[in-house]
Q: 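Below is a structure I'd like to ask you about.
Since we're looking at a predicted model, the values are computed, not measured. Here is how names work: the chains are called A, B, and so on, in the same order as the sequence lines, proteins then strands, and each is numbered from 1.
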Amino acid sequence: MPAPKLPEKRWSIDLEKTIQEAHYADKALYNRRYAFKPESGKELFVVDTPPPYPSGTWHIGAVAQYSMIDVIARSQRLLGKEVFFPWGVDRNGINIEFTVEKNTKRKMKTYDRAEFLNLCETTIETFTQAMRDTARRVGLSCDFDREYLTDAPDYRSVTQSIFVELFKKGDIVEDLRPNIYDPVEGTTIADAEVERLPRKTKLVDVRWVCEDGEELVISTTRPEMICACGVVVVHPDDERYQHLVGKSVQLPLETAGRSTTVTVMQHPSVKSEFGSGILMVCSFGDQNDVAVFRELGLTPFQAIDLDGNMTEVAGPLQGLSVLEARKQATLMLEQQGALVQVVEREQEIPVSERGKNPVEIILLKEWYVRQTHIQDRMRELIEDITFHPPRNRQFLIDWMDNISIDWPISRRRWYHTEIPIWYSEDECRVVVPPAGSYVQPWRDHPPAGSRVLDRNTREDLGSFEELKSSLGTITGEEKVFDTWMDSSNSNLFVSGYLNHPDVFERAFPTALRPQGKEIVRTWLYYTLLKSTLVLDQPGFQHVWIDGLGMDPWGRKMSKSLGNGIDADSVLECGAGGRTGSWKVKGPDGSVSLRANKIGSECFRLWKACDAQVGDDFQINPEEIEKKYFGVLTKLFNVARFASQFEVPENLEHAPSELAPEDRWILAEFQSTMDQVRKSWENLDIYTATQALKTFGTGLLPSHYLEMVKSRLYDDDKAAAWTLHRIVRDFMSAFSPVCPFFTHHVSATVYGASAVEVDAFPASPLPELNPETEEGGRLCSLSTTLQDFNGRTWAAKKEAGIFLNQPIENMPIPEALEEFSATLTRMHQLV
RNA sequence: GGGCUCGUGGUCUAGGGGUUUAUGACGUUGCCUUGACAUGGCAAAGAUCGAGAGUUCGAUUCUCUCCGAGCCCA
C-alpha cells in the first residue's frame with residue numbers, strides 16, 4: 001500500500017493548534033488571506049462585528065456566536081466577495097469604572113478625572129489582550145491589524161461628529177425632563193438599561209382625609225413620596241369613588257413650600273382591584289406617574305436630589321435618604337394614627353442593569369436624541385433589511401411599538417466619550433468642534449475650526465476664533481455619552497463613514513449585522529435609529545440574530561447559578577493529551593462533565609450544524625465531542641485514504657473514460673454543492689454544513705469508496721481523478737466551518753490552501769448537474785444503489801461470511817444495470 | 001399583567017395539511033479487526049410529534065383553550 005500524503009493517523013487537537021499558530025504567526029500571509037482590500041475590485045461585504053466588551057472572561061455562548069460570524073465571513077470570501085471582517089473592542093462604559101473602583105476600593109468621584117481615566121485604560125488593556133487570544137483560538141479571520149477600540153480618538157471622533165451633525169439638525173435636544181436616575185452611581189440611565197428584581201417591600205395603607213371629613217385609604221409602597229403627590233386618582237368606572245372626584249384631600253404628612261391638599265381626579269390607568277382602588281400620583285414614583293402628570297398637565301415636584309436624598313419639599317424628611325425617609329414616614333404616619341396597616345409583599349422593583357441599584361425618576365436637564373417622530377420612517381426602511389431568521393424582525397418591531405419617549409444620551413460618568421460642547425458665559429450660545437476631531441471639553445479648549453451656534457435655534461453665528469471674545473468665559477460640558485451612543489455607529493465606522501468616503505459609498509448599507517437577540521432593543525435599535533437620522537437609509541442589508549448559549553438543561557448561564565462553562569477550557573480540551581472536565585450545577589445538584597478532545601474545529605462544527613440560527617442552544621462539552629469529533633475523524637480518514645493515490649496533474653478537466661459510478665458520485669456531489677452554495681449565499685450555515693456532513697460521512701465513503709476501491713488499487717486514473725476532485729472541492733466548500741482542518745488537508749495533498757479559494761468550486765462536468773436529464777437520472781439511482789449495497793452487506797452478515805467473500809443469489813436490480821461490473825467485483829457476486 | 005418564541009424516540013435536533021415506513025446525530029443493544037478508519041465499521045430496537053377541543057375527506061403540521069419552558073417588556 002502506498003504511503004498516504006497525509007502522515008497523521010487522525011485529526012488531533014495538537015495538530016489543530018500547530019496549524020493554527022502557524023496561521024496567525026505569518027502576518028504577511030495572514031493579511032494576504034484575510035485583510036480588507038477595498039481596491040480589489042470585488043463586491044464589498046462589510047461585517048459589523050459586535051465589538052466585545054472585555055470583562056475578564058468571554059461567555060462561551062458569545063464565543064460560539066463569533067465563530068459563526070467567522071463562518072459567514074469565510075463563506076462570503078469563498079463566494080468571491082471582498083470581505084471586511086473587522087475586529088473591534090468596546091471599551092467604553094460603566095463596567096470598567098466599576099472594576100477600577102472595586103480593585104482600588106475607591107469611588108470614581110474621589111479621583112482626579114484624568115488619573116481615573118488612566119487607571120481605566122490600563123485595566124481594560126489587560127482584559128483586551130485575553131479576548132484577542134481567544135478570538136484567534138476559535139479561528140476568527142478578522143482583520144486584526146485594523147483593530148479599532150471604541151475608547152480611541154478615531155472612534156470617539158465619529159461619535160462626536162455625529163452628535164454635532166444631529167445637534168445642528170435639531171435631532172438632539174436638551175431638556176428638563178423626568179429621567180431614570182441611579183442615585184448610587186450618580187448617573188442618568190436609559191429605559192433599556194433598567195431591569196426588574198423581585199424584592200420584599202412593605203405595602204402601607206394610609207388614611208387620608210377629605211375636606212368634608214370623609215376618610216379614604218390609599219395603599220402605597222412609597223410613603224416618603226407623599227410630599228411629591230400631585231393628584232389622587234380613581235378609575236372612571238369605579239362606582240365606589242365617583243362621589244370623591246373633584247374633592248380636595250389633605251396630605252397625611254407634613255411638607256414644605258407647597259399646597260397641603262390635592263384634588264381627586266379620574267384616570268383609566270388605576271387598577272381598581274389593587275389595594276383600595278385609590279391611587280396617589282407622585283413626581284415620580286414610577287413611569288405611570290410620569291404619564292399621569294403629563295396627561296393631566298400637573299407641575300411636578302422635585303422630591304429627591306442627585307444624591308438620592310429627600311429635598312426641602314419633604315419637610316421633616318429633608319436630607320434623609322430615600323430608604324430612611326420611607327421608614328421615618330411610616331413611623332410618623334403611625335404616630336399620627338394615619339396608618340391603617342402594613343403588609344409585606346413580593347414586588348418587582350426597577351433597578352439599574354449595571355449597578356443593581358433601585359432607580360428613581362427625577363427631573364434633570366439632559367441631552368436627548370429625538371426618536372418618537374421618526375418611527376414610521378424607520379419602519380419603512382427596516383422593510384428593506386433581510387432578517388435571519390425572519391421572525392426576528394418582529395422582536396425589533398415589538399420594541400419599537402413601545403417607544404414613547406426620547407432617548408436620553410447624557411451620563412454623569414467619566415470613562416465614556418465626552419459630549420463635545422462648550423457653553424458661553426450667558427449660556428445662550430454654544431461652541432462645537434469641527435467634524436473629525438476628538439475633544440474633551442472638561443479639560444480642552446475648543447480646537448481650531450470650532451463653530452459658535454445659537455443654543456436654541458442652532459443658527460451658525462460664526463467661527464469660534466472670531467467670536468471668542470464675545471462669549472465671555474466658556475464652560476466645557478462635563479457629561480459624557482451613553483455607551484450605546486458609541487456602539488450605535490459601529491456600522492458607520494467600519495463601513496468608512498467620514499474616514500474613507502470612497503469606501504463608504506460602496507459599502508453602505510453595511511452588508512451584515514450579526515448579533516445576539518438579547519441586544520435587539522439596544523444595539524440594533526439604536527444603530528438603525530442613527531442610520532435613519534443621519535442618512536435616511538436602512539443600516540444593513542442583512543441582520544443575523546442568534547439565540548443565547550444555555551447550560552445543558554436549557555437555562556441561562558450565570559454566575560449566580562454556577563452553571564457557566566469556560567470557553568478556553570473547551571477550546572483547549574485535548575491539547576497535549578489533557579482531557580477536560582467541568583463541574584456544572586444542574587437543577588438536581590452538581591454534575592461532572594468530561595471530554596477527551598474538542599478544540600476549535602469540533603466546536604465550530606457543532607455550532608454550525610447542531611441547531612438553526614436564532615434558537616437558543618444548549619452547551620454540553622460531552623455532547624459536542626460525542627456528536628462531532630467523529631465527523632472530523634471520518635472526514636480526515638477519507639482524505640487520508642484518498643491521499644495515498646497519486647493526485648492527477650490536471651484536476652480541472654475530467655478524463656474522458658469515467659466509469660458509471662464516477663459519473664454517479666459526481667452528479668450526487670454536484671447536487672450537494674449546489675445546495676451548499678445556495679446556503680452560503682443565504683447565510684444559512686446549518687443547511688450548508690448538514691449537506692456537507694451528510695455527503696462526506698455517508699454516500700462518499702460508505703458507497704462510492706467501497707465501489708471504487710479495487711479500481712483505485714489497480715491505479716485507475718478515472719477513479720483517482722474523481723475522488724481527488726471531490727475531496728479537494730469538498731475541502732473548499734467546507735473551509736468556512738473548519739478552516740484549519742481543511743487547510744491542512746488541502747495544502748498537504750493538493751498544495752493549495754482551501755482558505756485561499758475565492759470562487760465557489762465550479763462543476764467539472766456541467767452535463768451531470770442535477771438539473772440536467774443525465775444528472776437527474778443518476779441522482780435518482782442513489783436510493784436503489786444504497787439499498788442494494790445495504791441488502792448485500794446484510795445478507796453476508798446473515799450468512800456469517802466476510803464482506804470480501806463471494807455471495808450467491810444477489811441479483812442486481814435492473815435500474816443498476818450500468819453498475820453491474822463494479823457491483824459484481826465489489827461484492828464478489830457469483 | 002402584556003408581547004414574542006418554543007414543547008417531536010432516553011437526550012439533542014430536522015421537517016412540515018395526505019405518497020401504507022416522521023430526518024439526522026448522540027446514547028442503548030447486537031454483530032464485525034473486511035486491502036483508509038476500533039478515538040472505527042455494520043445493523044437493530046426505540047416517538048401515535050406537550051394535553052384537550054375545533055377546522056378538514058384527512059393534522060404532528062392550521063385555529064382556539066389549557067399546561068410547561070425561555071426571552072423581552074410593563
Side-chain angles (χ1 to χ4, degrees), chain A residues 1-4 6 9-13 191-192 194-196 269 271 273-274 286-288 291 348 350 389 391-404 516-522 545 547-548 550 552-556 574 577 579 587 595-597 602 605-606 609-612 614-620 622-645 686-687 690-691 693-694 697-698 700-702 705-706 709-710 712-714 723 727 789-798 800-805 826-828:
Chain A
M1 169 167 83
L6 278 173
K9 278 211 81 173
R10 55 181 64 90
W11 183 249
S12 71
I13 309 306
D191 232 17
V194 177
E195 63 175 40
R196 302 182 95 85
S269 69
K271 289 183 204 143
E273 61 292 351
F274 183 84
D286 56 37
Q287 287 289 4
N288 185 52
E348 296 217 315
R391 62 177 137 89
N392 272 337
R393 183 196 305 274
Q394 200 54 43
F395 280 124
L396 176 67
I397 291 173
D398 286 349
W399 170 244
M400 286 170 57
D401 287 341
N402 286 320
I403 303 266
S404 60
K517 71 175 179 191
E518 74 280 12
I519 48 176
V520 166
R521 66 194 170 119
T522 49
I545 298 175
L548 279 92
M550 308 298 242
W553 300 270
R555 306 169 306 167
K556 207 170 173 171
T579 60
N596 292 319
K597 57 210 172 317
C602 181
L605 178 60
W606 157 75
C609 65
D610 206 58
Q612 287 278 24
D615 295 337
D616 294 341
F617 51 95
Q618 304 187 1
I619 303 173
N620 183 340
E622 281 188 0
E623 298 228 327
I624 295 175
E625 180 189 25
K626 279 180 193 150
K627 292 171 79 162
Y628 295 103
F629 206 88
V631 175
L632 288 180
T633 307
K634 187 73 188 170
L635 293 176
F636 191 84
N637 268 308
V638 171
R640 187 168 184 269
F641 174 69
S643 81
Q644 68 187 293
F645 305 105
Y686 178 85
T687 308
Q690 282 286 340
K693 191 183 91 169
T694 305
T697 63
L700 180 68
S702 302
L705 286 190
E706 295 300 333
K709 250 183 199 171
S710 16
L712 286 167
Y713 287 115
D714 291 348
L723 178 58
V727 170
N789 286 338
R791 273 192 292 118
T792 310
W793 288 322
K796 287 189 177 183
K797 202 181 123 186
E798 191 89 0
I801 56 178
F802 291 131
L803 292 181
N804 59 356
Q805 286 181 315
M826 166 187 181
H827 292 298
Q828 305 274 317

Q: Of A/Cys609 and A/Arg10, whose closest RNA chain B nucleotide lies nearer the 5' terminus?
A: A/Cys609
Q: If the P atom of B/rU29 is compared with that of B/rG17, how far apart are they to the nearest Å?
A: 38 Å
Q: Both A/Glu622 and A/Asp610 contact RNA chain B. Which one's nearest nucleotide lies toward the 5' end?
A: A/Asp610
Q: Which whole number of Å gives the distance between the C1' atom of B/rC49 and that of B/rU8?
A: 4 Å
Q: Rounding to the closest angstrom, what is the interatomic distance between B/rG2 and B/rU21 at atom C1'?
A: 45 Å
Q: Can you tell me how far P of B/rG41 sits from NZ of A/Lys796, to the nearest Å?
A: 19 Å
Q: Taking atom P in both B/rA74 and B/rA22, compute the distance separating them and give it to the nearest angstrom.
A: 47 Å
Q: State the pairing partner of B/rA36; accept Watson-Crick or G-U wobble contacts with both distances under 3.5 Å, and report none otherwise.
A: none
Q: Rounded to the Å, how far apart are A/Lys626 NZ and B/rA25 P?
A: 16 Å
Q: Going by heavy atoms in the side chains, are A/Arg10 and A/Phe629 under 4.5 Å from each other?
A: no
Q: Report yes if at least one side-chain N or O of A/Tyr713 is closer than 4.0 Å to OP1 or OP2 of B/rA36; otherwise report no.
A: yes
Q: Would you give the length of the straight line joining atom CZ of A/Arg791 to atom CG of A/Asn789, rounded to the nearest 0.5 angstrom?
A: 9.5 Å
Q: Calculate, to the nearest 0.5 Å, the distance between atoms CG and CZ belonging to A/Leu635 and A/Arg640 respectively.
A: 15.0 Å
Q: Base, sugar-phosphate or nothing for A/Phe617? Non-hydrogen atoms, less than 4.0 Å.
A: nothing
Q: CG of A/Asn637 versus P of B/rA38: gap in Å, rounded?
A: 8 Å
Q: With both distances under 3.5 Å as the test, what is the Watson-Crick or G-U wobble partner of B/rA59?
A: none
Q: Considering every strand and a 4.0 Å limit on heavy-atom distances, what is the contact class for A/Ser643: base, sugar-phosphate, or nothing?
A: nothing
Q: Do the side chain of A/Glu625 and the main chain of A/Asn596 share a donor and acceptor less than 3.5 angstrom apart?
A: yes
Q: Could you check how far CG of A/Leu6 sits from P of B/rC37, rounded to whole Å?
A: 14 Å
Q: Ignoring hydrogens and angles, tell me if any N or O in the side chain of A/Gln618 forms a donor-acceptor pair with the backbone of A/Met550 under 3.5 Å.
A: no
Q: Within the 4.0 Å heavy-atom criterion, would you say A/Glu706 contacts the bases, only the backbone, or no part of the nucleic acid?
A: base
Q: Can you tell me the pairing partner of B/rA44 across any strand shown, Watson-Crick or G-U wobble, with both distances under 3.5 angstrom?
A: B/rU28
Q: For the side chain of A/Lys517, counting heavy atoms from C-beta on, which of B/rG35, B/rU11, B/rC71 is nearest?
A: B/rC71
Q: Closest approach to the side chain of A/Ser710, judged atom by atom: which nucleotide of B/rA14, B/rA25, B/rG35 is it?
A: B/rG35
Q: Within less than 4.0 Å of OP1 or OP2 of B/rU39, is there a side-chain N or O belonging to A/Lys597?
A: no
Q: On the nucleotide B/rG41, are OP1 or OP2 found under 4.0 Å from the side-chain N or O atoms that A/Lys634 carries?
A: yes
Q: In whole angstrom, give me the gap between the C1' atoms of B/rC57 and B/rG3.
A: 38 Å
Q: From the list B/rG24, B/rU39, B/rA36, which nucleotide is the closest neighbour of the side chain of A/Lys627?
A: B/rG24
Q: Would you mind telling me which of B/rA36, B/rG40, B/rC12 lies closest to the side-chain atoms of A/Phe641?
A: B/rA36
Q: Whole angstrom is fine here: how far is it from CG in A/Asn620 over to P in B/rG10?
A: 18 Å
Q: Report the relative orientation of the aromatic rings in A/Tyr713 and A/Phe645; use parallel for angles under 30°, tilted for 30 to 60°, perpendicular for over 60°.
A: perpendicular
Q: Please determine, for the side chain of A/Lys9, which listed nucleotide (B/rG24, B/rA38, B/rA36) has the closest atom?
A: B/rA38
Q: Distance between the P atoms of B/rU20 and B/rG7, in whole angstroms?
A: 27 Å
Q: Enter the distance from A/Phe636:CZ to A/Lys9:NZ here, rounded to the nearest 0.5 Å.
A: 11.0 Å
Q: Within this structure, what is the CE-to-P distance between A/Met550 and B/rU5, rounded to whole angstrom?
A: 17 Å
Q: I'd like the P distance from B/rC31 over to B/rG68, given in whole Å.
A: 46 Å
Q: Between A/Trp606 (CH2) and B/rU13 (P), how many Å, whole number?
A: 11 Å
Q: Measure from CZ on A/Arg640 to C1' on B/rU39 and round the result to the nearest Å.
A: 14 Å
Q: Keeping the roles fixed (side chain from A/Lys796, backbone from A/Gln805), state whether a donor-acceptor pair exists under 3.5 Å.
A: yes
Q: What's the gap between B/rG27 and B/rG41 when it is taken at their P atoms, as a whole Å value?
A: 11 Å
Q: What is the base-pairing partner of B/rC66, counting Watson-Crick and G-U wobble geometry with both distances under 3.5 Å?
A: B/rG50
Q: Identify the nucleotide, in any strand shown, that forms a Watson-Crick or G-U wobble pair with B/rC71, with both distances under 3.5 Å; if there is none, say none.
A: B/rG3
